[in-house]
Amino acid sequence: MNTTTPASTPTAVAIDWNEAFCSEGANCFRFGLDGSGRAYIGSTLSPDAYVSDSVEALRALISAVKAGAADHLL
């Protein structure tokens with residue numbers, strides 16, 4: 001995932017967000033794509049904050065989480 005922070009205010013990106021996925025307690029996350037095919041993950045609690053990377057990187061992240069790579073966080 002990209003972790004760089006731009007030195008200036010980022011240009012607004014038009015993101016096509018999917019319907020939010022919410023677990024118990026209304027912890028909601030959403031996935032989206034922009035016009036160039038870049039993938040985004042965001043929280044509904046902070047609509048302007050998100051993580052962005054390639055679709056391939058998002059696919060790898062989801063596969064790793066499903067395989068238990070983040071179980072120690074639960």
Chemist: So Leu61 and Ile41, do their side chains get closer than 4.5 Å, heavy atoms only?
Modeler: yes

Chemist: Quick one: list whatever passes side chain to side chain contact (heavy atoms under 4.5 Å, CB included) with Glu19, sequence neighbours left out.
Modeler: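 Applying side chain to side chain contact (heavy atoms under 4.5 Å, CB included) to Glu19 gives none.
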
Chemist: Which heavy atom of Ser52 sits nearest to which heavy atom of Arg38, and what is that distance?
Modeler: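 In terms of heavy atoms, the two residues are closest at OG-NE, 3.0 Å.
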
Chemist: Search all heavy atoms of Thr44 against all heavy atoms of Arg30 and return the closest pair with its distance.
Modeler: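 Looking at all heavy atoms of both residues, the closest pair is CG2-CD, 4.3 Å.
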
Chemist: What closest approach, in Å, do Ala20 and Cys28 show between heavy atoms, and which atom pair accounts for it?
Modeler: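 The answer is CB-CB, 4.2 Å.
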
Chemist: If you link I, L, V, M, F, W and Y whenever their side-chain heavy atoms are under 4.5 Å apart, who else ends up in the same group as Val55?
Modeler: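 Val55 clusters with Leu33.
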
Chemist: Please give the remaining members of the hydrophobic cluster of Leu73, linking ILVMFWY side chains under 4.5 Å, ordered by chain and number.
Modeler: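 Via sub-4.5 Å side-chain contacts, Leu73 links to none.
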
Chemist: Drop me the distance from Cys22's SG to Phe29's CZ, to the nearest 0.5 angstrom.
Modeler: 9.5 Å

Chemist: Quick check on side chain to side chain contact (heavy atoms under 4.5 Å, CB included): which of Asp34, Asp16, Asn18, Val51 does Tyr40 satisfy it with?
Modeler: Asp34

Chemist: So, taking the atom named CZ in Phe31 and the one named CH2 in Trp17, what distance separates them when rounded to the nearest 0.5 Å?
Modeler: 9.5 Å

